[in-house]
Amino acid sequence: IQRGMREIAFIGGPLEMNVTRNRLEGYKRALDNCGIEFDAKLIKETNFSEVSGYEAMKEILTTNNPSAVVTTDDLIAFGVNKAIKELTEETVAVVGFNNTPMAAYQTPSLTSVDINAEELGYFAAKLLINKLENRKEKIKSYIVETRLVERDSTNFND
């Protein structure tokens with residue numbers, strides 16, 4: 001959005017998963033905060049796989065020309081990148097989530113949100129252990145800091 005993109009697609013995993021619902025809500029809020037109208041045709045629910053990302057992007061490209069795509073996982077983004085390369089001449093920014101090691105080796109290399117998996121796992125284990133040991137803790141959730149790792153899939157407008 002800060003780079004002027006307004007037609008932004010969202011491709012996420014199954015909506016029954018909290019991670020997908022939360023990231024979709026964040027996507028919608030970001031659009032709303034910037035005065036961009038939400039377009040349901042730019043939203044696709046899929047599975048967490050490269051093939052699913054490819055198919056979802058293929059569907060979007062049949063009726064829309066997004067300037068950017070946000071995915072809920074790098075694997076989905078790998079498929080999105082493949083579909084873009086094969087099916088359009090347009091340049092489309094792509095962002096994944098989880099900053100998997102393979103993200104840096106894609107062509108173009110994938111911009112991804114690093115979710116700080118180590119700290120996330122630490123706090124998840126802490127909450128689980130407290131629950132298993134019947135500890136009455138006031139803290140029911142933790143906020144783990146994330147960071148955007150920018151790579152070639154979003155750096156073409158600079």
Side-chain angles (χ1 to χ4, degrees), residues 1-40 42-54 56-57 60 66-84 91-132 135 137-158:
I1 292 172
Q2 292 172 341
R3 294 183 182 179
M5 296 174 195
R6 296 293 178 261
E7 296 288 318
I8 304 169
F10 177 91
I11 302 175
L15 282 172
E16 63 264 9
M17 297 187 73
N18 285 337
V19 66
T20 300
R21 284 195 312 271
N22 291 342
R23 291 175 184 172
L24 178 58
E25 182 60 32
Y27 162 86
K28 288 178 178 178
R29 269 196 233 158
L31 293 178
D32 187 54
N33 288 343
C34 294
I36 300 171
E37 192 172 323
F38 171 75
D39 183 351
L42 292 173
I43 309 298
K44 292 292 177 199
E45 175 186 3
T46 192
N47 294 311
F48 289 105
S49 74
E50 185 173 345
V51 171
S52 297
Y54 178 89
M57 190 65 201
I60 288 173
S67 53
V69 182
V70 177
T71 68
T72 59
D73 187 80
D74 287 352
L75 286 175
I76 295 170
F78 297 164
V80 166
N81 264 340
K82 183 178 179 185
I84 290 167
T91 302
V92 181
V94 179
V95 177
F97 258 88
N98 299 331
N99 195 31
T100 58
M102 290 302 298
Y105 299 102
Q106 296 296 299
T107 304
S109 58
L110 179 66
T111 294
S112 186
V113 177
D114 189 318
I115 62 168
N116 198 348
E118 188 175 305
E119 188 172 337
L120 189 65
Y122 169 81
F123 286 120
K126 185 175 180 176
L127 289 169
L128 180 61
I129 290 167
N130 287 343
K131 185 161 185 76
L132 291 172
R135 291 188 189 157
E137 297 289 329
K138 290 182 182 181
I139 297 175
K140 302 277 189 228
S141 64
Y142 293 91
I143 295 175
V144 176
E145 193 168 323
T146 61
R147 69 184 175 90
L148 181 67
V149 179
E150 290 193 68
R151 296 189 181 97
D152 295 339
S153 70
T154 58
N155 282 333
F156 48 81
N157 282 336
D158 291 343

Exercise for review: For Lys126 and Ile139, run side-chain contact (heavy atoms from CB on, under 4.5 Å): C-alpha distance rounded to whole Å, both residues' side-chain angles, the deciding distance at 0.1 Å, then the answer.
Suggested key: CA-CA 11 Å; Lys126 185 175 180 176; Ile139 297 175; over 6 Å; no

Check your understanding: What distance do Asn116 atom CG and Arg147 atom CZ have between them, rounded to the nearest 0.5 Å?
Key -> 8.5 Å

Exercise for review: Tell me, please, which residues at least two apart from Glu25 pass salt bridge (Lys or Arg N to Asp or Glu O under 4.0 Å).
Suggested key: Arg29

**Study point:** Minimum side-chain heavy-atom gap Phe10-Arg23 below 4.5 Å
**Key:** yes

Review point. When rounded to the nearest 0.5 angstrom, what distance separates CD in Glu145 from CD in Glu119?
Key: 8.0 Å

Exercise for review: Taking all non-hydrogen atoms of both residues into account, name the closest pair between Thr46 and Ala56 and its distance.
Suggested key: CB-CB, 4.4 Å

Review point. How many angstroms lie between OG1 in Thr111 and CG in Asp74, if you round to the nearest 0.5 Å?
Key: 10.0 Å

Point to revise | Any Arg151 side-chain heavy atom under 4.5 Å of Ser112 side chain | key: yes

Check your understanding: Given side chains that start at C-beta, do those of Phe97 and Thr146 come closer than 4.5 Å, heavy atoms only?
Key -> no

Check your understanding: What is the minimum heavy-atom distance between Ala93 and Thr154, and which atoms define it?
Key -> CB-CG2, 4.0 Å

Check your understanding: Any side-chain heavy atom of Tyr122 within less than 4.5 Å of one from Glu118?
Key -> no

Exercise for review: Report yes if the side chains of Glu45 and Thr20 come closer than 4.5 Å at any heavy-atom pair, otherwise no.
Suggested key: no

Review point. How far apart are the C-alpha atoms of Val95 and Leu148, what are their side-chain angles, what is the distance that settles it, and do they pass the side-chain contact (heavy atoms from CB on, under 4.5 Å) test?
Key: CA-CA 9 Å; Val95 177; Leu148 181 67; 4.2 Å; yes

Exercise for review: Would you mind reporting whether Val80 and Glu50 have side-chain heavy atoms less than 4.5 Å apart?
Suggested key: no

Check your understanding: Which distance, rounded to the nearest 0.5 Å, do you find between the CG of Leu110 and the OG1 of Thr71?
Key -> 6.5 Å

**Study point:** Leu24 side, atom CG; Ile43 side, atom CD1 - distance, nearest 0.5 Å
**Key:** 5.5 Å

**Study point:** Expected output: side-chain Ser109 to main-chain Asp152 donor-acceptor under 3.5 Å
**Key:** yes

Review point. What are the two closest heavy atoms between Ile11 and Met57, and how far apart are they?
Key: CD1-N, 3.9 Å

Exercise for review: Flag the pair Asp73 / Thr100 as yes when at least one side-chain heavy-atom distance between them is below 4.5 Å, and no otherwise.
Suggested key: no

Practice item. Check the pair Val19, Thr72 against side-chain contact (heavy atoms from CB on, under 4.5 Å), reporting the backbone distance first and the verdict last. Key: CA-CA 8 Å; Val19 66; Thr72 59; 5.6 Å; no

**Study point:** Rounded distance (nearest 0.5 Å) linking atom CD1 of Ile115 with atom CG of Asn99
**Key:** 9.5 Å

Check your understanding: Looking only at heavy atoms, what is the nearest atom pair of Ala9 and Ile60, with distance?
Key -> CB-CD1, 3.9 Å

Exercise for review: Please examine the side chains of Phe48 and Ile76, heavy atoms only from C-beta on, and report whether any two atoms are closer than 4.5 Å.
Suggested key: yes

